[in-house]
Asks: 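Structure incoming, see below.
It should be emphasised that the depicted structure is a prediction, and the values quoted were computed from it without experimental measurement.
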Amino acid sequence: MSMRVGIVGISGFGGGEAMRLIANHPHFDLVYAAGEGSAGSRLLDRFPGVPQKLAGLVIEKWDPASLPKLDVLFASLPTGASAEALARVSKDIKIVDIGGDHRYAEGWTYGLADIWPDQIKGQARIANPGCFPAATLTALAPLLVNNLIEPGNIVIDAKTGVSGAGRGGADSKFGYAESNENLQPYGLLKHVHMPEMAKTIARLGGASVAGLVFTPHLVPMTRGVLVTIYCRGSATTDQCLDAARRFYFERAFVRVTDNPPQTKWATGSNLAFVSYAADPARNLVIAMGVVDNLGKGAAGQALQNANLICGLPETAGLDGAPVWP
Ligand SMILES: NC(=O)C1=CN([C@@H]2O[C@H](COP(=O)(O)OP(=O)(O)OC[C@H]3O[C@@H](n4cnc5c(N)ncnc54)[C@H](OP(=O)(O)O)[C@@H]3O)[C@@H](O)[C@H]2O)C=CC1
Ligand SMILES: CC(=O)N[C@@H](CCC(=O)OP(=O)(O)O)C(=O)O
């Protein structure tokens with residue numbers, strides 16, 4: 001079965017990664033690419049290493065009113081730029097929005113694919129989670145549904161690679177000179193990912209999340225997100241690992257490891273790694289999660305969601321090994 005798919009925002013980091021994955025997908029044919037500043041150029045001009053079959057595809061100026069026949073549209077636009085435009089896309093076209101405009105928005109399903117795939121199947125409007133929530137919620141879900149931690153007392157310390165800010169990079173703090181050999185916290189107390197994490201933790205844990213703290217840090221690497229999450233609970237390390245192994249039994253993309261995960265384990269893949277360390281005497285549980293921000297944190301999970309809504313095998317086009325080292 002062949003399906004016609006498109007990407008708007010293809011020249012960016014998230015859209016470019018979606019293109020890379022779609023190029024190897026057994027059922028998706030990329031027939032439409034769109035953008036703003038890049039409109040008019042061929043994919044070959046933007047991506048010299050693009051597979052030959054896609055080299056001549058020309059990036060069109062994004063216009064939701066004049067789309068070709070598509071089965072799925074992947075949107076990877078700056079947050080704030082997709083809500084109005086995607087509302088004008090025909091209902092016949094399924095959408096996976098990699099950006100932040102539709103998370104927990106009316107009419108959209110929050111696409112936490114490893115945790116509630118059955119709620120995603122059959123839907124037509126999917127909001128992909130942010131990269132920090134992808135790592136955080138994957139690590140916390142088994143603890144929350146088994147009541148092993150207090151939902152109201154969670155402190156998330158996160159590290160991200162610089163590509164998390166996108167190709168545009170927002171401002172000069174993402175330039176080489178500013179980010180190389182430097183570490184910087186940002187977004188304290190008010191990061192945009194707080195609402196989706198709070199809503200999902202409450203949904204999984206069934207309780208208030210009033211004490212939630214989240215502090216991301218920019219680290220000098222290209223890809224990767226690591227979250228170290230401090231929780232209150234009296235479970236042992238083995239109880240946490242057992243709960244996660246049961247929760248993710250036969251789920252293709254989550255690996256539960258005895259040792260603390262590392263960002264390089266996930267690079268270039270749709271994998272998430274989770275692990276735990278607990279000290280019941282101190283009522284302390286530490287949960288850890290790792291994803292590639294462009295993989296599970298963006299394009300990988302977007303393709304997983306597209307597979308689910310199209311009735312395809314969940315792993316189609318996503319079973320490649322990570323890049324290592
Ligand atoms: N980077 C990451 O790790 C993650 C990103 N996201 C989210 O994904 C989305 C895209 O991020 P990212 O790829 O990093 O961003 P980039 O800055 O790398 O890319 C943005 C893309 O949007 C396009 N674009 C911007 N304005 C318009 C417009 N008015 N009309 C059409 N196209 C437009 C640009 O196209 P052109 O060059 O043609 O102007 C470019 O292709 C954001 O919402 C981001 O928050 C989510 C998870 C992780
Ligand atoms: C380094 C960096 O800036 N990272 C981004 C997260 C990227 C992401 O997940 O994007 P959404 O905007 O779609 O949620 C940030 O902290 O906002």
Side-chain angles (χ1 to χ4, degrees), residues 112-115 129-151 153-161 164 183 185 187 191 193-194 196-198 200-201 204-205 209 211-219 221 223-249 251-298 300-301 322 324:
L112 203 51
D114 295 311
I115 294 174
C131 54
F132 293 120
T136 300
L137 299 169
T138 310
L140 287 180
L143 307 182
L144 290 164
V145 300
N146 289 290
N147 299 313
L148 296 179
I149 55 170
E150 298 170 19
N153 250 320
I154 295 174
V155 176
I156 306 159
D157 181 306
K159 318 286 186 306
T160 177
L183 265 186
H191 191 278
H193 288 171
M194 287 284 283
E196 62 181 286
M197 290 199 281
T200 311
I201 290 168
L204 294 169
V209 294
L212 186 66
V213 179
F214 168 57
T215 305
H217 300 77
L218 192 70
V219 305
M221 58 186 184
R223 292 178 181 231
V225 164
L226 164 69
V227 292
T228 309
I229 312 168
Y230 302 92
C231 313
R232 291 287 160 212
S234 57
T236 64
T237 302
D238 282 344
Q239 285 172 326
C240 295
L241 288 167
D242 286 350
R245 290 199 168 105
R246 274 184 278 111
F247 190 83
Y248 291 118
F249 180 65
R251 300 297 291 133
F253 296 116
V254 184
R255 305 278 166 89
V256 183
T257 61
D258 290 332
N259 294 318
Q262 306 174 15
T263 54
K264 276 206 174 180
W265 293 356
T267 303
S269 79
N270 185 44
L271 294 172
F273 292 85
V274 299
S275 190
Y276 305 90
D279 184 353
R282 295 164 62 193
N283 201 37
L284 174 67
V285 173
I286 303 175
M288 291 155 279
V290 153
V291 300
D292 181 336
N293 54 290
L294 295 175
K296 177 67 73 191
Q301 179 139 246
W324 193 88

Asks: Which residues satisfy the side-chain hydrogen bond (donor to acceptor under 3.5 Å, both in side chains) test with Arg251, sequence neighbours excluded?
Replies: Glu314

Asks: Can you name the closest pair of heavy atoms from Pro322 and Trp265 and give their distance?
Replies: CG-O, 3.2 Å

Asks: For Ala266 and Val290, which heavy atoms make the closest approach, and how far apart are they?
Replies: CB-CG1, 4.0 Å

Asks: With sequence neighbours left out, write down each residue that passes side-chain hydrogen bond (donor to acceptor under 3.5 Å, both in side chains) with Asn146, or none if nothing qualifies.
Replies: none

Asks: Quick one: pull up OG1 in Thr215 and CD1 in Ile156 and give me the separation to the nearest 0.5 Å.
Replies: 9.0 Å

Asks: Identify, with sequence neighbours excluded, every residue that meets ring-ring contact (aromatic ring centres under 6.0 Å, His included) alongside Phe253.
Replies: none

Asks: Side chains of residues 271-281: which donor-acceptor partners sit under 3.5 Å, not counting sequence neighbours?
Replies:
residue: Ser275; atom: OG; partner: Thr257; partner atom: O; Å: 2.5
residue: Tyr276; atom: OH; partner: Ala139; partner atom: O; Å: 2.6
residue: Asp279; atom: OD1; partner: Ala281; partner atom: N; Å: 3.2

Asks: Compile the donor-acceptor pairs under 3.5 Å between side chains in residues 224-234 and protein atoms, sequence neighbours left out, one pair per line.
Replies:
residue: Arg232; atom: NH1; partner: Arg282; partner atom: O; Å: 3.1
residue: Arg232; atom: NH1; partner: Asn283; partner atom: O; Å: 3.3

Asks: Which atoms form the tightest heavy-atom contact between Leu148 and Val285, and what is the distance?
Replies: O-CG2, 4.4 Å

Asks: Let me confirm one number: the CD-CG distance from Gln239 to Leu143, rounded to the nearest 0.5 Å.
Replies: 11.0 Å

Asks: Output, in order, the C-alpha distance, side-chain angles, deciding distance and verdict of side chain to side chain contact (heavy atoms under 4.5 Å, CB included) for Ile154 and Leu212.
Replies: CA-CA 5 Å; Ile154 295 174; Leu212 186 66; 3.9 Å; yes

Asks: Quick check against the 3.5 Å criterion: does Glu196 have a side-chain atom that pairs as donor or acceptor with the backbone of Pro133?
Replies: no

Asks: Minimum heavy-atom separation for Leu183 to Val219, with atom names?
Replies: CD2-CG1, 2.9 Å

Asks: Has Tyr248 got a side-chain atom pairing as donor or acceptor with Thr138's backbone, closer than 3.5 angstrom?
Replies: yes

Asks: Only counting residues at least two apart or in another chain, list the ones meeting side-chain hydrogen bond (donor to acceptor under 3.5 Å, both in side chains) with Thr200.
Replies: Tyr104

Asks: Report the distance from atom CZ of Arg223 to atom OG1 of Thr267, rounding to the nearest 0.5 Å.
Replies: 7.5 Å

Asks: Check whether any side-chain heavy atom of Phe247 sits under 4.5 Å from a side-chain heavy atom of Ile115, and report yes or no.
Replies: yes

Asks: Return the orientation label for the Phe214 and His191 ring planes: parallel under 30°, perpendicular over 60°, tilted otherwise.
Replies: perpendicular

Asks: Which atom names give the shortest non-hydrogen contact between Gly300 and Asn270, and what distance separates them?
Replies: C-OD1, 3.1 Å

Asks: Do the side chain of Arg245 and the main chain of Val256 share a donor and acceptor less than 3.5 angstrom apart?
Replies: yes

Asks: I need the minimum non-hydrogen distance between Asn293 and Cys131, along with the two atoms involved.
Replies: CB-CB, 3.8 Å

Asks: Please test Leu140 against Met197 for side chain to side chain contact (heavy atoms under 4.5 Å, CB included), starting from the C-alpha separation and ending with a verdict.
Replies: CA-CA 10 Å; Leu140 287 180; Met197 290 199 281; over 6 Å; no

Asks: Let me confirm one number: the NZ-NE2 distance from Lys159 to His217, rounded to the nearest 0.5 Å.
Replies: 5.5 Å

